[in-house]
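For the numbers below, each heavy atom of this structure counts, side chains included, while hydrogens, waters and symmetry mates do not.
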Amino acid sequence: MDGNTSGEDGNDIDWSTEDELEIESFTLSSSSSLTVPGREAIVGSGEASSSQGPSNSKVVDHFVGMGFSGKMVAKAIQEHGEENTDSILETLLTYSALESSPQEQQQVDCDDQFSSDSKASFPDDFSDIDSYSDNEDILNPTSEKNKKLLSLVNMGYTVGEASIAIERCGLDSTVVELTDFICAAQMARAEDAHLPLEEKPRLNHAYKKRKLLEYELLKKKKHMRLGNKTIDEDDEAVHLPNPMVGFGIPSEPCLKTHRNLPEAALGPPYFYYENVALTPKGVWSTISRFLYDVQPEFVDSKYFCAAARKRGYVHNLPIENRFPLIPLPPHTIHEAFPLIRKWWPSWDTRTKLNCLLTSIASAKSTERIRKALEDYDGEPPLRVQKYVLDECRKWNLVWVGRNKVAPLEPDEVEMLLGFPKNHTRGISRTDRYKSLGNSFQIDTVAYHLSVLKDMFPNGINLLSLFSGIGGAEIALHRLGIRLKNVVSVEISAVNRNVVRSWWEQTNQRGNLYDLDDVQQLNGDRLEHYMTLFGGFDLVVGGSPCNNLTGSNRLHRDGLEGKESSLFYHYYRILDLVRSIKT
DNA sequence: AGGAGGATGATCACAACT
DNA sequence: AGTTGTGATCATCCTCCT
């Protein structure tokens, strides 16, 4: 309500200040100078560095372009000869590892960038950058780290990029994960490079990038625990609505009937992006900024079914004349599971389940609950009630016998989420919980997508990224919207099989193309599909939330986390689809 | 090899309180 | 205005077992 006008002014307070420009240049220069000694050669643009090369040899240019200093390249070529590029590379990597003293290098960077500012009071150890402590790793050119570096460089990335990626993603990450990380960073940079050329009526890319970097820096600051003074709160924190009903729910459809979308966001093609609502700070404002500044619609699926599911949806769909799927699903626990009423104690006042997660309670924890309860004949003391209720809420337990609680069965989860019964049958129990926990709530998504039915009476062409077990496809199918052509991208073969099997069971007449990796979906392939059937009408995607959710104890790294950074591929692909004319 | 089971806090917003 | 408490959360990693 109050957000649609005031949110804008709140945003553009300080992003053009010198602080931010410094932040930007800090991040960029540190990223390219971490492992490259000849700093002055690469601080400038790529053209500048290559023009400084000592010779006009192609090989020299090639390596200088990667970020090595001309002097080093010349020396390496002298050692190995121009044709032996692999050895040259190996040598260059070794040189840069040996010569650079990362601690000092960073010190210099920090001093450079922050000295004239009040923020110079920040300590000089940016702790998440300086994990260079394993000296063997650096000194040994055949170490795991250098092997990864080498393969990344061979793929065409600069040493600086590769090195940062390994730092940030960890040495254990696969090359695919590393390239993914680099790709996201490259996109942010590429946007700036293209800015003056493209006069598209779009958002300001440099602005977006700065915001992204600012968000990263904020995370670092938080890590450092400065103690005396709390960091300035960012005014741009996305405010979650209470009640969380988005632009309206079936029972209260008239809360809001119209919204003004930014011009750059107008469809077609339409897009629909989903992720968890409760993320670390700054994530949703970043997502929104990338997706054409569209305000997210935060909805809790407890208004659609018997389980909560707080999610944010960024989409450019109309919001008038939505309608829900019929029949309406059960809205309370008792409606959903009539048989458990018999065992449900009066002091358990839950009417809705909490969010359905990807794993379930252990048998031991339900056993502990049984033990705690069986000492009492009637109502247990408040202390015990609280313990039991806390556990039940935490693990979504339901009463299945006297003093006995149990987690939901997979088919019960399917029902709550709006999937056909036994949709995921045939895969392992663990996988069923995992896939279901990661998927859409069908009734919620269908309500939002329902406006497409009248707009596309002959059906739609759908691009579904991070499809999972096909939530979007099923929502559209249940709405009676024909699926003409579906390009579905999902990394998990198990999930792809679930979708393929559903596709066949429901006698779909259209075509399903399933791909496994969003990172391989490039402009050429997209263009191929789009010319094949004339463009996409809708691009749906719910990118991984692994690094955003509070359930993740170990790697809640925000949008730059290993999996969650795949969001940038949603943006990349969506932007491609919107720019390719068919 | 692969599945099942179990143990493992942290972050954030909001409410309630001093 | 600052502090404390409370509730909620599309998870990961290790070990054991078949």
Side-chain angles (χ1 to χ4, degrees), chain A residues 170 172-173 218-219 222-223 225 229-231 233-234 237-244 273-285 298-302 307-313 349-350 352-368 386-387 389-396 406-407 410 413-414 416-419 424 426-442 444-445 466-469 471-472 490 492-495 541-559 561-564 566-567:
Chain A
D172 314 330
S173 25
L218 211 72
K219 271 191 318 191
K222 234 181 325 176
H223 251 278
R225 303 218 177 285
K229 201 181 169 207
T230 52
I231 322 289
E233 291 297 321
D234 54 339
V238 173
H239 159 256
L240 297 178
N242 188 16
M244 199 183 275
Y273 174 82
E274 175 261 13
N275 215 321
V276 291
L278 283 70
T279 62
K281 262 184 195 168
V283 167
W284 271 110
S285 51
F298 292 103
V299 185
D300 189 338
S301 291
K302 74 178 178 181
R309 205 166 186 80
K310 298 184 181 66
R311 296 290 179 271
Y313 306 88
T349 54
R350 288 178 296 162
K352 300 276 186 184
L353 292 161
N354 271 344
C355 186
L356 304 164
L357 302 178
T358 56
S359 54
I360 59 168
S362 63
K364 269 203 174 152
S365 72
T366 55
E367 180 62 14
R368 272 196 298 269
K386 178 169 163 44
Y387 160 67
L389 274 177
D390 283 349
E391 286 290 299
C392 285
R393 272 195 260 264
K394 188 167 162 190
W395 293 107
N396 260 337
V413 179
E414 285 168 347
L416 287 166
L417 289 175
F419 284 90
T424 58
I427 65 180
S428 84
R429 193 178 158 86
T430 315
D431 281 346
R432 290 182 77 177
Y433 283 118
K434 189 171 165 193
S435 296
L436 286 162
N438 283 319
S439 78
F440 288 164
Q441 206 286 325
I442 301 287
T444 312
V445 171
F466 316 104
S467 302
I469 51 176
E490 167 58 40
S492 152
V494 169
N495 287 346
S543 66
C545 70
N546 307 26
N547 310 117
L548 306 180
T549 169
S551 306
N552 192 337
R553 292 158 162 78
L554 299 169
H555 304 289
R556 198 183 188 190
D557 305 327
L559 208 48
K562 218 189 284 182
E563 285 84 15
S564 295
L566 288 168
F567 159 74

Q) Paired stems touching DNA chain C, three or more consecutive Watson-Crick or G-U pairs with both distances under 3.5 Å? A)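 Paired runs of 3+ in DNA chain C: B:1-8 with C:11-18, B:10-18 with C:1-9.
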
* Asked: Can you tell which of dC14(B), dT9(C), dC12(B) lies closest to the side chain of L357(A)?
  ->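 Shortest atom-to-atom distance from the side chain points to dT9(C).
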
Hey, is the side chain of N275(A) poking within less than 4.0 Å of OP1 or OP2 on dC10(C), counting only N and O atoms?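 False: N275(A) side-chain N/O out of range (4.0 Å or more) of dC10(C) OP1/OP2.
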
- N354(A) side-chain N/O to dT9(C) phosphate OP1/OP2 under 4.0 Å: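 For dT9(C), OP1 or OP2 has a side-chain N or O of N354(A) closer than 4.0 Å.
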
If you look at every strand shown and take non-hydrogen atoms under 4.0 Å, does [X] touch a base, only sugar-phosphate, or nothing?
| X | answer |
| --- | --- |
| C545(A) | base |
| S543(A) | base |
| G542(A) | base |
| L240(A) | sugar-phosphate |
| R393(A) | sugar-phosphate |

In whole angstrom, give the distance that lies between atom [atom1] of [X] and atom [atom2] of [N].
| X | N | atom1 | atom2 | value |
| --- | --- | --- | --- | --- |
| N242(A) | dA15(B) | CG | P | 6 Å |
| H555(A) | dT11(B) | NE2 | C1' | 16 Å |
| L353(A) | dG7(C) | CG | C1' | 16 Å |
| N495(A) | dC10(C) | CG | C1' | 12 Å |
| R311(A) | dA8(C) | CZ | P | 15 Å |
| L389(A) | dG7(C) | CG | P | 10 Å |
| R432(A) | dC10(C) | CZ | C1' | 17 Å |

Flag, side chain of N547(A) to backbone of S564(A), donor-acceptor distance under 3.5 Å: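 Present.
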
Practice problem: Please confirm whether the backbone N or O of T424(A) pairs with a side-chain atom of E414(A), one donor and one acceptor, at under 3.5 Å? | Solution: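 Confirmed, E414(A) side chain pairs with T424(A) backbone.
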
Flag the pair [X] / [Y] as yes when at least one side-chain heavy-atom distance between them is below 4.5 Å, and no otherwise.
| X | Y | result |
| --- | --- | --- |
| L356(A) | N396(A) | yes |
| V276(A) | R311(A) | yes |
| W284(A) | N275(A) | yes |
| F466(A) | P544(A) | yes |
| P410(A) | R429(A) | yes |

Check your understanding: If we take the C1' atom in both dA8(C) and dG9(B), what is their distance in whole Å?
Key ->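 Straight-line distance between the two C1' atoms is 13 Å.
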
* **Pairwise P distance for dC10(C) and dC14(B), with rounding to whole Å** =>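 Comparing P positions in dC10(C) and dC14(B) gives a spacing of 16 Å.
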
#### Entry: Option passing ring-ring contact (aromatic ring centres under 6.0 Å, His included) with Y273(A) (candidates Y313(A), F440(A), F567(A))
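Exactly one option meets the ring-ring contact (aromatic ring centres under 6.0 Å, His included) with Y273(A), and it is F567(A).
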
Any chance you could measure N242(A), atom CG, to F298(A), atom CZ, to the nearest 0.5 Å?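 Taking CG in N242(A) and CZ in F298(A), the distance rounds to 13.0 Å.
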
ask   = With sequence neighbours left out, what residues match S301(A) under side-chain hydrogen bond (donor to acceptor under 3.5 Å, both in side chains)?
value =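 By the side-chain hydrogen bond (donor to acceptor under 3.5 Å, both in side chains) rule, S301(A) matches T444(A).
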
Letter by letter from the 5' end, nucleotides 3-10 of chain B scores (B base, S sugar-phosphate only, - none; protein heavy atoms under 4.0 Å) SS-SSBBB

